[in-house]
Amino acid sequence: MEKYRKHLFGLFLVISMTFLLAGCNSSAEKTDAKGAPVKVNIALNGKMGPLVIAREKGWFEEEFKALNADVKWSEFTSGPPLLESLASNRVDLSFLGDGALIAGLDKKLPFEVIAQTGTGESNVRILVQKNGDIKNIKDLKGRTVGVPLGTTAHVYLIKALKANGLTTDDVKLINLQPDDAQAAFESKKLDAWSAWNPYYLNNVEKGNAVTLNVNKKIFAPGAIIARKGFAKEHPEIVQAYLRVYKKAADWQIENPDEASEIYSRATKLPAELIKKIITAEKPNILFTEESINAQQDSIDTLADAGYIQKAFNYKEQIHKEYLDEAFKK
């Protein structure tokens, strides 16, 4: 746990510094020449999700044209590095898994929660070697577990261990991004790996791994976010962003075969595998009590474990006004 705290301290020191430096340029959006298009920085968080569909279809460009706005895309492998760019005004709109979301809210980083991505019930699992001697969560005690710290996979691991009478102090955590964890797991340098899709299902389907039974239903809801300064200046663009995001999410539900092909090109994984993933759970940007309660449970769990400073009320972090305005009848 102490090693994890040091990692987070270093991460948020970088974020804090970039946030302070960004203040020097905070008026950049206001100083554009009159009539110049607004630059909208949208960040992809991973290689799957409605944003990937919308970029492929050019729907943001179409929607934003009427608002005199241009899209600039960036890509991140997970939430923690995305937070750094958001703090330095290089990301305006994106989404975060629960780990990075909670850490960012705990540190009062400059973003607002404007919608959700779904419950995340099917998104994360703990993988172990198929023919290994780890058969249940309790067998992880003393073992080496790979996980990208501060992500939704890390929160899932903490919850899974807690549900079985363990903590992260009982295992040896190795901080690895998914591609590095994949190589380490394949070479058996990891006893276990807490991973999200498409990584976990791909390994199970290939026969490389099995998932552990957690004995509890664990939700990992994600959130759609907007940088505060940008949202204040351009609420109409934030509303348009939500409309396009929902359009892409609905299109994915209605067109799973074509959506799978798009994700397959992005991930280099078989479309049949992708289809299993995206049909296991439907995206839903509208807040539900189930997801809100699951997020609050994650906050309370991380506070109890000492990974965030203190628990806070998640409902108070939700800015539903953008959703209400975007889809008002």
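Count residues from 1 along the sequence.
Annotation: side chain of Asp70 is not in contact with side chain of Lys39 (no heavy-atom distance under 4.5 Å). Within the 4.5 Å cutoff, the side chain of Ile42 has heavy atoms near those of the Tyr241 side chain. Contact annotation: the side chain of Ile237 approaches that of Phe230 to within less than 4.5 Å [non-hydrogen atoms, C-beta and beyond].
The salt bridge (charged side-chain N to carboxylate O under 4.0 Å, His left out) contacts involving residues 126-139 comprise Asp133-Arg143, where partners must be two or more places apart or lie in separate chains. The ring-ring contact (aromatic ring centres under 6.0 Å, His included) pairs that include a residue from residues 62-97 are Phe60-Phe64, Phe60-Trp73, where partners are two or more places apart or lie in different chains. Applying the salt bridge (charged side-chain N to carboxylate O under 4.0 Å, His left out) rule to pairs touching residues 181-209 yields Glu205-Lys276, sequence neighbours excluded. Applying the salt bridge (charged side-chain N to carboxylate O under 4.0 Å, His left out) rule to pairs touching residues 114-124 yields Glu121-Lys217, sequence neighbours excluded.
In this structure a side-chain-to-backbone donor-acceptor pair under 3.5 Å is missing from Gln239 to Phe327. Looking at Glu281, its side chain does come within 3.5 Å of a backbone N or O of Thr119 through a donor-acceptor pair.
With hydrogens and angles left out, the side-chain atoms of Glu272 and Ser260 include no donor and acceptor closer than 3.5 Å.
In this structure Phe111 satisfies the ring pair (Phe, Tyr, Trp, His ring centres under 6.0 Å) test with no other residue, sequence neighbours excluded. Scored by the side chain to side chain donor-acceptor pair (under 3.5 Å) test, Asp257 finds Lys275 as partners (sequence neighbours excluded).
Checked for salt-bridge contact, Glu61 and Arg55 miss the test: no charged N lies under 4.0 Å from a carboxylate O. Comment: Lys57 engages Glu258 in a salt bridge, judged by a side-chain N to carboxylate O separation of less than 4.0 angstrom. Using a cut-off of 4.0 Å between Lys/Arg side-chain N and Asp/Glu carboxylate O, Arg243 and Glu325 are scored as not salt-bridged. Note on Asp106 versus Lys310: no salt bridge recorded, every NZ/NE/NH1/NH2 to OD/OE distance being 4.0 Å or above.
Across all non-hydrogen atoms, the minimal contact from Leu190 to Ala181 is CD1-O, 3.8 Å.
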